[in-house]
Amino acid sequence: MVQIPDSVSKYTNVYDVLKERGFIEQCTNEEEVRDMLGREKIKFYIGFDPTADSLHIGHFMQTIIMMYMQKYGHTPIVLIGGGTTMVGDPSGRTDMRKMMTQEQIQENGRKFVKLFERYLDFDQGYEYYGHQPTDGPDAPVQNKEPEPGKAICVDNAKWLLQLNYVEFVREIGRHFSVNEMLRAECYKQRLEKGLSFLEFNYMLMQSYDFYVMSHDLDCKMQFGGNDQWSNILGGIDLVRRKDQKTVYGLTFSLLTNYEGKKMGKTGKGTLWLNPEKTSPYEFYQYWRNVNDADVEKCLRMLTFLPMDEVRRLASLPGEEINHAKEVLAFEVTKLVHGEEEAIKAQEGARAAFEDGTSIENMPTTKMDVSDFEGDGIGVLTLMCNVGLASSNSDARRTVEQGGLTVQDQKITDPKTMITQDMFNAEGKLIMRKGKKVYHVIDIK
RNA sequence: GGAGGAGUGCCCGAGUGGCUAAAGGGGGCGGACUGUAAAUCCGUUGGCUUCGCCUACAAUGGUUCGAAUCCAUUCUCCUCCA
């Protein structure tokens with residue numbers, strides 16, 4: 001399991017640490033929260049909607065926050081949105097999410113949990129038995145108290161999917177003002193494009209989650225990305241109205257670049273944590289190539305280097321900033337894929353961009369010698385086969401524009417055939433597309 | 001339920017019978033310049049067996065020598081009225 005080193009900060013209150021690292025964006029009551037976090041060990045939760053089969057960098061940042069909290073003795077509750085995903089969060093979106101089946105959602109949820117287990121110390125024996133809104137004589141089984149400081153995981157499908165509509169509307173819905181909801185920032189965009197009643201309910205469901213967490217598990221805080229602010233406030237109000245308890249909310253800045261655009265998007269889409277979806281090498285390269293202006297922010301939020309070191313690295317002048325980017329890429333890749341993969345990615349990158357000697361860590365495709373015997377295989381076809389081009393036409397374009405190099409020879413004729421004798425003694429062939437994309441063909 | 005409007009390539013958005021694989025922008029890709037950065041500049045951006053062919057302007061069917069453009073039906077979305 002990945003752990004945060006003690007050198008990460010000199011502060012003893014986790015609030016100060018999070019502040020120092022620049023995570024905190026909004027807090028319902030800064031002083032009280034800071035005081036509480038310093039005084040007692042609390043339970044807090046963050047919700048994750050399993051809309052895809054892998055976590056992405058935004059989730060990762062939230063995971064890091066949970067790690068900080070756990071390090072300082074608080075109990076993270078990972079709330080998997082198996083129920084809320086059935087509805088879809090409209091916050092910050094201009095279009096409706098694709099509807100997903102329950103099986104898909106459950107499957108994704110399981111994958112999420114697997115990833116979280118690499119970063120948080122879970123109470124393995126813990127199981128949440130479920131919530132019953134009434135505490136009558138036939139009160140439900142008591143939920144056991146999780147081991148102090150250990151993370152637990154709950155799925156809101158457990159209490160959301162069995163809700164009775166009329167009951168829900170009477171018990172929960174009556175506490176919400178539609179007028180107020182419509183004013184909420186998160187619906188603004190959607191009011192122009194249209195918002196279905198399905199999605200309009202999302203806020204109530206998330207608020208109900210907070211109520212359940214507070215009521216059943218004495219959870220005191222909810223964290224989330226800044227886009228969750230209104231949803232979190234909804235929950236806080238609901239808890240106050242139903243249980244007369246005060247709970248708190250804290251939101252984090254979304255990871256954006258200096259232009260204010262979300263980070264973690266590549267030309268091909270999202271930067272995933274799952275190595276099958278985004279290779280460690282690609283992942284490394286993303287961070288290796290961040291903009292100068294974003295280096296400090298990334299080091300601060302995505303690595304556990306001491307702040308002095310972060311500041312030193314980020315202020316390296318001119319070309320030297322590349323060193324900081326290397327450190328950043330290495331550290332983040334290490335956290336996500338482990339040290340071994342990080343070293344491989346780093347060496348692969350260095351080999352490709354600096355000395356060009358090692359081809360061991362470049363992405364490789366194994367092929368059969370017979371494919372290259374006789375006339376061999378056309379470059380275009382080969383490029384498609386190994387994923388260097390998305391179609392034959394795409395491959396042709398690259399070649400015609402002088403973007404392909406095979407064994408250090410620029411190829412400009414799209415009709416070129418790749419044959420056995422072009423491979424080196426070890427049976428390898430290096431293809432380079434553009435300046436940065438390498439691929440090795442191995443026929444051993 | 002009534003009246004009107006809209007659906008165009010990865011996204012935004014022009015085009016309203018032939019000159020349209022479809023202007024312009026964004027994004028992507030390739031090249032130049034660099035620091036594996038940014039900014040800038042140039043090229044390119046549906047597919048294929050690429051001097052040619054095939055598939056495309058929500059879906060289906062029709063009018064026409066010829067349709068993204070005209071007509072009919074369907075689907076989706078928006079606005080106003082109820």
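Because the structure is a prediction, the values reported are computed rather than measured. All heavy atoms count here, side chains included; hydrogens, waters and symmetry mates do not. We name chains A, B, ... by the order of the sequence lines, and we start the count at 1 in each one.
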Evaluation steps, side-chain hydrogen bond (donor to acceptor under 3.5 Å, both in side chains), between Thr51(A) and Asp49(A): CA-CA 6 Å; Thr51(A) 49; Asp49(A) 277 359; over 6 Å; no

Thr333(A) vs Glu341(A), side-chain hydrogen bond (donor to acceptor under 3.5 Å, both in side chains): CA-CA, chis, key distance, verdict: CA-CA 7 Å; Thr333(A) 310; Glu341(A) 288 296 331; over 6 Å; no

Give the intermediate values and the outcome of side-chain hydrogen bond (donor to acceptor under 3.5 Å, both in side chains) for residues Thr365(A) and His439(A). CA-CA 8 Å; Thr365(A) 303; His439(A) 204 99; 2.4 Å; yes

For Asn231(A) and Gln228(A), run side-chain hydrogen bond (donor to acceptor under 3.5 Å, both in side chains): C-alpha distance rounded to whole Å, both residues' side-chain angles, the deciding distance at 0.1 Å, then the answer. CA-CA 5 Å; Asn231(A) 288 338; Gln228(A) 295 301 311; 3.1 Å; yes

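In this structure, Glu319(A) atom CD and A38(B) atom C1' are separated by 15 Å, rounded to whole Å. As rounded to whole Å, 12 Å separates atom P of G30(B) from atom OH of Tyr438(A). One atom, CG of Asp292(A), and another, P of A39(B), lie 11 Å apart when rounded to the nearest Å. Atom CZ in Arg432(A) sits about 15 Å away from atom C1' in C29(B), given to the nearest Å. As rounded to whole Å, 6 Å separates atom P of G31(B) from atom NZ of Lys435(A). Rounded to an integer number of Å, the gap from Leu316(A) CG to A37(B) P is 17 Å.
Within the nucleic acid shown, Gln285(A) comes within 4.0 Å of at least one base atom, counting heavy atoms only. Looking at heavy-atom distances under 4.0 Å, Lys433(A) makes contact with sugar-phosphate atoms alone, never a base. Asn291(A) comes within contact range of the sugar-phosphate backbone alone, with a heavy-atom separation under 4.0 Å but no base atom that close. Contact annotation for Ala349(A): base contact, defined as any heavy-atom pair under 4.0 Å involving a base atom. Val290(A) comes within contact range of the sugar-phosphate backbone alone, with a heavy-atom separation under 4.0 Å but no base atom that close.
Here Tyr438(A) and Tyr281(A) keep their ring centres 6.0 angstrom or further from each other. Centroid-to-centroid, the aromatic rings of Phe44(A) and Phe223(A) come within less than 6.0 Å. Centroid-to-centroid, the aromatic rings of Phe283(A) and His337(A) come within less than 6.0 Å.
Of the P atoms belonging to A68(B) and U55(B), the separation is 13 Å, rounded to the nearest Å. Nucleotides G1(B) and A22(B) have their P atoms positioned 43 Å apart, rounded to a whole Å. One P atom belongs to C42(B), the other to G25(B), and the distance between them is 11 Å to the nearest Å. On the C1' atoms, A58(B) is 31 Å away from G52(B), given to the nearest whole Å. The separation of C48(B) from G43(B), taken at their P atoms, amounts to 25 Å, rounded to a whole angstrom. Spacing between A21(B) and G9(B) at atom C1', rounded to whole Å, works out to 9 Å. Separating the C1' atom of C70(B) from that of G15(B) is a span of 16 Å, rounded to the nearest Å. One C1' atom belongs to G24(B), the other to G13(B), and the distance between them is 8 Å to the nearest Å.
In this structure, Phe112(A) and Phe116(A) have perpendicular ring planes: the angle between them is above 60°, well past the 30° mark.
Nearer to the 5' terminus of RNA chain B, by closest-nucleotide assignment, is the contact made by Tyr284(A) (compared with the other of Tyr284(A) and Leu380(A)).
Partner assigned to G27(B) is U45(B), using Watson-Crick or G-U wobble distances below 3.5 angstrom. As the counterpart of A68(B), no nucleotide is assigned, since no Watson-Crick or G-U wobble pattern has both distances under 3.5 Å. The partner of G4(B) is C78(B), judged by Watson-Crick or G-U wobble contacts that both fall below 3.5 Å. Across every strand in view, A22(B) sits unpaired, with no contact that passes the Watson-Crick or G-U test at under 3.5 angstrom.
Environment of CG in Asp413(A): crowded, with over 12 heavy atoms of neighbouring residues, nucleotides or ligands closer than 6.0 Å. The neighbour count for Gln3(A) CD, taken as heavy atoms of other residues, nucleotides or ligands under 6.0 Å away, does not exceed 12.
Atom CD of Glu296(A) sits about 11.5 Å away from atom CG of Leu328(A), to the nearest 0.5 Å.
Residue Lys325(A) places its side chain closer to G35(B) than to any other of G35(B), U50(B), C33(B). Side-chain atoms of Ile321(A) lie closest to G35(B) of the nucleotides G35(B), A38(B), C29(B).
Contact check, Lys436(A) against U34(B): no side-chain N or O comes under 4.0 Å of OP1 or OP2.
For residues 399-412 of chain A, proximity to RNA chain B is found at Gln401(A), Gly402(A), Gly403(A), defined as any non-hydrogen atom under 4.0 angstrom from a strand atom.
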Any N/O pairs under 3.5 Å between the protein and nucleotides 45-48 of chain B? List them or say none.
{"from": "G47(B)", "atom 1": "OP1", "to": "Ser391(A)", "atom 2": "OG", "distance (Å)": "2.9"}
{"from": "G47(B)", "atom 1": "OP2", "to": "Arg397(A)", "atom 2": "NH2", "distance (Å)": "2.7"}
{"from": "C48(B)", "atom 1": "OP1", "to": "Asn392(A)", "atom 2": "N", "distance (Å)": "2.9"}
{"from": "C48(B)", "atom 1": "OP2", "to": "Asn392(A)", "atom 2": "N", "distance (Å)": "3.2"}
{"from": "C48(B)", "atom 1": "OP2", "to": "Ser393(A)", "atom 2": "N", "distance (Å)": "2.5"}
{"from": "C48(B)", "atom 1": "OP2", "to": "Ser393(A)", "atom 2": "OG", "distance (Å)": "2.5"}

